[in-house]
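Input: a single structure, listed below in structure tokens.
Residue numbers start from 1 in every chain, and the chains themselves are labelled A, B, ... in the order their sequence lines are given, proteins ahead of strands. If you're wondering where the values come from, they're calculated on a predicted model, not measured in any experiment.
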Amino acid sequence: MRQDGPASELTSEYFANIYFSMTVWWHGQLIHGIELGPGESRIFSGHKAAPYSDTIAEAMRLYQNRNRVQWTAPPLDWSLITSPFQRQVLQTLFKNIPFGRTTSYGQLAGLSGNSRSARAVGWAMSQNPWPIIIPCHRVLTSKGTIGGFSSGTELKKILLSLEGFFIAQ
DNA sequence: TCTATGACGGTTG
DNA sequence: GCAACCGCCATAG
């Protein structure tokens, strides 16, 4: 008898614009994870693996045109987040820091309940399964420097520039 | 439980 | 401006 875990039921879908690409891992109609990569010479719009695929494809076009992107009710698989703290931080970031705004690790810690948890917020960001949708690229250091990014700080700078920011260094 | 580890932040020299 | 420290917090093992 096979014992299929969630991992065996995952399917992937690829999207890209000229600035960055994203591979979306679906668990049914829920987003299990997102991997970011370099841009492509042409747009890839996925293959409609789920109802929300169209929304993602549209967001890729909006980003390429430097237009505002606002994710509405993304079907994220929150069961993946077992830590209450991490869930609080990710949800706070999603709700409070919209396109075109940035915050710091310390500020996000404060919004999430404890202003001294900046370092733990950094850890939560590093574990974010859904970059771009949960906008961890909008979290900078208190000094305004870039901070870190799982897919590389260059990509973080690109995303910020598409939202109207220019980070020196 | 204890220890090590970080996408941090503030202070100090 | 910067590098060295030190304090803090939430996890992982």
Side-chain angles (χ1 to χ4, degrees), chain A residues 3 5-8 10 12-27 30-40 56 59-60 62-64 66 68-71 74-169:
Chain A
Q3 300 198 345
S8 65
L10 297 182
S12 69
E13 185 173 21
Y14 184 75
F15 301 84
N17 60 30
I18 64 173
Y19 297 109
F20 65 95
S21 58
M22 52 192 294
T23 300
V24 177
W25 291 92
W26 297 99
H27 181 203
L30 295 180
I31 302 177
H32 185 272
I34 294 174
E35 293 172 16
L36 301 181
E40 300 268 2
I56 298 173
M60 295 300 277
L62 290 171
Y63 261 118
Q64 172 152 329
R66 297 173 181 270
R68 184 182 186 84
V69 174
Q70 187 167 314
W71 301 99
L76 306 180
D77 185 0
W78 285 100
S79 71
L80 293 170
I81 311 298
T82 55
S83 153
F85 174 79
Q86 190 189 5
R87 180 177 304 226
Q88 176 66 41
V89 171
L90 293 176
Q91 292 182 341
T92 298
L93 175 59
F94 180 76
K95 282 193 267 184
N96 295 282
I97 312 299
F99 186 100
R101 260 198 70 191
T102 62
T103 187
S104 70
Y105 296 93
Q107 284 175 19
L108 180 53
L111 287 173
S112 303
N114 186 346
S115 60
R116 290 179 299 186
S117 305
R119 206 161 184 177
V121 164
W123 174 84
M125 295 298 94
S126 74
Q127 304 299 310
N128 176 17
W130 312 290
I132 297 198
I133 293 181
I134 302 289
C136 55
H137 58 285
R138 298 178 191 141
V139 186
L140 311 176
T141 70
S142 62
K143 301 172 188 171
T145 54
I146 193 72
F149 199 62
S150 299
S151 305
T153 53
E154 285 310 309
L155 192 44
K156 186 171 183 176
K157 291 181 193 174
I158 289 171
L159 292 174
L160 286 167
S161 74
L162 293 176
E163 299 192 12
F165 292 96
F166 173 72
I167 305 298
Q169 15 166 15

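Between the C1' atom of dC9(C) and the CG atom of Leu108(A) lies a distance of 14 Å, rounded to the nearest Å. Rounded to an integer number of Å, the gap from Met125(A) CE to dT5(B) P is 23 Å. A straight line from CD of Gln86(A) to P of dC9(C) spans 19 Å, rounded to a whole angstrom. Atom CD of Gln107(A) and atom P of dC9(C) are 19 Å apart (whole Å). Between the CG atom of Leu155(A) and the C1' atom of dA7(B) there is a distance of 14 Å, given to the nearest Å. Atom CG in Asn114(A) sits roughly 13 Å away from atom C1' in dC8(B) (whole-Å rounding).
Closest non-hydrogen pair, Cys136(A) versus Asn128(A), comes out as SG-ND2, 3.3 Å. The two atoms that bring Ile133(A) and Phe94(A) nearest to each other are O-CD1, 3.4 Å, heavy atoms only. For the pair Tyr14(A) and Pro38(A), the tightest heavy-atom approach, listed with the atom from each and the gap, is OH-O, 4.4 Å.
Ser150(A) contributes a side-chain N or O that forms a donor-acceptor pair with the base of dA7(B) under 3.5 Å.
Using a 4.5 Å heavy-atom threshold, the side chains of Met125(A) and Leu90(A) count as touching.
Not a single donor-acceptor pair under 3.5 Å links the side chain of Arg101(A) to the backbone N or O of Arg138(A). The backbone N or O of Leu111(A) sits nowhere less than 3.5 Å from a side-chain atom of Asn96(A) that would complete a donor-acceptor pair. Checked by atom type and distance alone, the side chain of Asn17(A) pairs as donor or acceptor with a backbone atom of Met60(A) at under 3.5 Å.
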Just the table, please: protein N/O against nucleotides 10-13 of chain B N/O, every pair under 3.5 Å.
{"from": "dG10(B)", "atom 1": "OP2", "to": "Ser142(A)", "atom 2": "OG", "distance (Å)": "3.4"}

Protein-nucleotides 6-8 of chain C N/O pairs under 3.5 Å:
{"from": "dG7(C)", "atom 1": "O6", "to": "Arg119(A)", "atom 2": "NH1", "distance (Å)": "2.7"}
{"from": "dC8(C)", "atom 1": "N3", "to": "Arg119(A)", "atom 2": "NH1", "distance (Å)": "3.4"}

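Across all strands, Tyr105(A) comes closer than 4.0 Å to base atoms (heavy-atom distances). Backbone-only contact: Thr141(A) has heavy atoms under 4.0 Å from sugar-phosphate atoms and none from a base.
For the residue pair Gln86(A) / Trp123(A), no side-chain donor-acceptor distance below 3.5 Å is found, with atom types taken as modelled.
Using bins of under 30°, 30° to 60° and over 60° for the plane-to-plane angle, the ring pair Phe99(A)/Tyr63(A) lands in the tilted bin.
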